[in-house]
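In what follows, a structure is listed as structure tokens, so that the remarks can point back to it.
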Amino acid sequence: MLNIIYYVIGIIITVWASSFLGLTAKQLIAIGGFSSIFFGAIFFWRQRLVFAFFGVAMLLMLGLLDVPHVIEFAGIDIVLFLIAMMIVVGFLEEKGFFEHLVNKLIKLVGMNGHLLFILLMTLSFLSAALVDEVTSILFMSAAVLNLTSRYKLNPVPFIIMIVFATNVGSSATVIGNPVGVIIALRSGLGFMEFLRWAAPVSLVAFAVTVGLFYIYYSKYISQFNKAFRSHKEEVAARNIVPENTAMPKDAVLAGLLFGCIILGLVFHAGIEHFFNLEKNTMLLGSALLGATGALALSKEEARNLVEKRIDWWTLAFFLFLFASVGTLSYQGITGVVADKIMKISGNNLPMLVGIFVWASGALTSVIDNVLAVSTFVPIVKDIASAGVPVFPLWWAILFGSTILGNLTIIGSTANMVAVGVMERRKLGHINFMEWLKAGVVVAIPSLVVAHLLILAQVKWMIK
């Protein structure tokens with residue numbers, strides 16, 4: 001009952017606050033329609049698709065959106081990319097690729113708890129960058145929970161650490177996070193631009209994250225190391241022969257397919273240039289070719305792969321969310337907001353960067369980062385139409401939405417997935433304040449560093 005009250009109050013306050021922007025009655029009604037989806041996702045997350053369907057239906061019925069624009073704004077290219085990558089990732093998981101990769105890498109560092117702590121965070125960072133944050137956190141949280149259960153350690157700090165590394169890593173490449181896909185396909189940025197501008201900032205932010213956690217959770221890391229050292233001594237005393245960790249042929253084949261997809265994504269711009277294709281055509285094309293290979297290799301299990309491994313619920317929500325956000329642009333609301341932002345900043349690019357870094361981050365910390373980025377994308381486009389160079393603003397909302405997604409337990413899908421995995425196994429519980437404390441100590445300083453690095457490169461980013 002309280003959630004319903006909060007839902008209604010949220011819509012009323014949003015519409016009331018928006019009235020101070022000088023919007024028309026029709027624009028305020030459009031704000032109300034968008035808010036019905038926005039606050040539905042916040043207060044009724046598990047029923048978010050109900051609110052998405054209802055919100056778009058009302059926008060259509062009130063004449064605030066038409067069918068051609070629903071199709072235009074729905075982000076079909078983004079959804080197709082995510083479908084293809086979900087098929088590929090599902091195939092890799094079913095062939096045991098990730099599990100064997102983690103086991104091999106852990107074997108490399110032996111039983112040194114300090115090195116293993118760094119390795120686990122590095123794996124979380126890299127896997128998020130190369131696959132996506134949700135897949136990364138699924139297999140990394142499983143690995144961490146198995147380790148902490150085996151050595152009877154508190155899993156909470158280690159789950160928080162790998163989630164933070166995952167969210168930071170998801171900003172390094174175009175495929176690391178749905179927000180990266182949204183930004184790439186809406187801005188025209190490709191894989192190589194992400195490697196040039198996002199990956200270095202992401203790496204520095206990750207180093208800051210690891211360093212701060214090493215201080216903040218020093219007690220737990222020491223316990224981790226002590227438990228591993230004791231186990232190593234026990235293994236040596238009992239003369240136990242290490243088990244064979246050779247990767248099966250299926251996992252090797254899956255890894256080769258994955259490598260080919262990554263190469264296609266990295267060099268998509270060159271392929272497009274060679275065949276005279278439109279920009280980012282092969283960003284989607286490479287993902288679809290990879291999905292083709294995964295389905296072909298799955299043979300009789302191909303249908304099961306599509307039905308079970310694709311998150312149709314989330315993808316349907318994205319379609320209707322993007323359509324509702326498009327209404328704000330269609331009704332000219334984002335143009336008004338963009339104009340107000342430019343007046344506040346005086347068209348000062350460093351100030352605009354600061355506004356977008358922290359505003360997107362603040363919004364992300366109270367809702368999922370996909371919602372936050374979807375809200376800001378049309379605003380950036382309207383600022384671009386006014387002749388302002390927006391290249392730095394894309395990176396501002398990327399890092400604001402990924403790094404400050406670590407601030408709260410609801411800031412990112414990866415956060416909620418990891419907590420859900422731990423609670424389903426009945427291995428622990430993380431409350432809101434416990435997460436927030438770690439977020440304040442680690443996430444905010446990491447975003448400060450990312451913000452400064454963007455500002456330091458602004459003069460080279462202007463195109």
Side-chain angles (χ1 to χ4, degrees), residues 45-50 52-53 56 70-71 74-101 127-128 130-142 170 173-182 184-185 191 248-265 268 280-323 368 370 413-414 416-417 420-421 424:
W45 179 251
R46 292 184 178 180
Q47 289 81 40
R48 60 192 180 278
L49 196 54
V50 175
F53 275 67
V56 172
V70 168
I71 296 169
I76 301 298
D77 50 351
I78 296 169
V79 172
L80 288 175
F81 182 92
L82 293 174
I83 287 173
M85 289 307 295
M86 285 178 180
I87 290 172
V88 171
V89 168
F91 176 72
L92 292 170
E93 286 184 306
E94 289 190 358
K95 297 304 179 183
F97 174 75
F98 296 123
E99 182 182 349
H100 287 283
L101 181 64
S127 59
L130 294 175
V131 190
D132 70 83
E133 60 165 0
V134 174
T135 303
S136 170
I137 204 60
L138 280 171
F139 75 82
M140 287 306 302
S141 58
S170 73
T173 67
V174 67
I175 60 174
N177 197 305
V179 303
V181 178
I182 295 169
L185 293 175
F191 201 97
K249 288 183 179 179
D250 281 351
V252 172
L253 186 62
L256 289 173
L257 174 65
F258 181 56
C260 290
I261 296 168
I262 294 298
L263 287 174
L265 293 171
H268 73 91
N280 279 350
T281 298
M282 288 310 297
L283 192 64
L284 176 58
S286 297
L288 291 173
L289 286 172
T292 302
L295 291 171
L297 292 170
S298 295
K299 298 179 181 177
E300 294 82 5
E301 293 299 313
R303 180 169 182 166
N304 185 61
L305 187 66
V306 172
E307 291 177 350
K308 299 291 178 64
R309 290 293 184 171
I310 297 175
D311 188 353
W312 295 109
W313 176 272
T314 298
L315 293 175
F317 175 70
F318 283 174
L319 281 170
F320 285 89
L321 170 67
F322 297 152
D368 187 77
V370 171
T413 304
M416 294 179 279
V417 168
V421 169
R424 279 197 301 274

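Just so we're clear, the structure is a prediction, and the values are computed from it rather than from any experiment.
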Please find the pair of heavy atoms, one from [X] and one from [Y], that lie closest to each other, and give the distance.
X    : Y    : answer
L319 : I76  : CD2-CD1, 3.6 Å
A84  : A287 : CB-O, 3.3 Å
G255 : F97  : CA-CE1, 3.4 Å

[X] [atom1] to [Y] [atom2] distance, which is reported to the nearest 0.5 Å:
X    : Y    : atom1 : atom2 : answer
I310 : L82  : CD1   : CG    : 10.5 Å
F81  : L283 : CZ    : CG    : 5.0 Å
M86  : D311 : CE    : CG    : 5.0 Å
L265 : M85  : CG    : CE    : 6.0 Å
R303 : L295 : CZ    : CG    : 12.5 Å
L288 : I83  : CG    : CD1   : 9.0 Å

Partner set under side chain to side chain donor-acceptor pair (under 3.5 Å) for D250, not counting sequence neighbours: none
Can you sort out the partners of E300 under side chain to side chain donor-acceptor pair (under 3.5 Å), two or more places apart, ordered by chain and number? none
When you compare the side chain of [Y] with that of [X], does any pair of heavy atoms fall below 4.5 Å?
X    : Y    : result
W312 : V306 : yes
R48  : L321 : no
F91  : L257 : yes

For F320, the ring-ring contact (aromatic ring centres under 6.0 Å, His included) test, sequence neighbours excluded, returns F53
Yes or no on side chain to side chain contact (heavy atoms under 4.5 Å, CB included) for F318 and I78, after CA distance, side-chain angles and deciding distance? CA-CA 9 Å; F318 283 174; I78 296 169; 5.6 Å; no
R309 meets the salt bridge (Lys or Arg N to Asp or Glu O under 4.0 Å) criterion, sequence neighbours left out, with E93, E94
All N/O donor-acceptor pairs, side-chain side in residues 173-182, below 3.5 Å, sequence neighbours left out:
residue, atom, partner, partner atom, Å
T173, OG1, A129, O, 2.3
T173, OG1, G176, N, 3.4
N177, OD1, V179, N, 3.1
N177, ND2, E133, OE1, 3.3
N177, ND2, S170, OG, 3.0

Residue pairs passing the salt bridge (charged side-chain N to carboxylate O under 4.0 Å, His left out) test with at least one member in residues 285-298, sequence neighbours excluded, are none
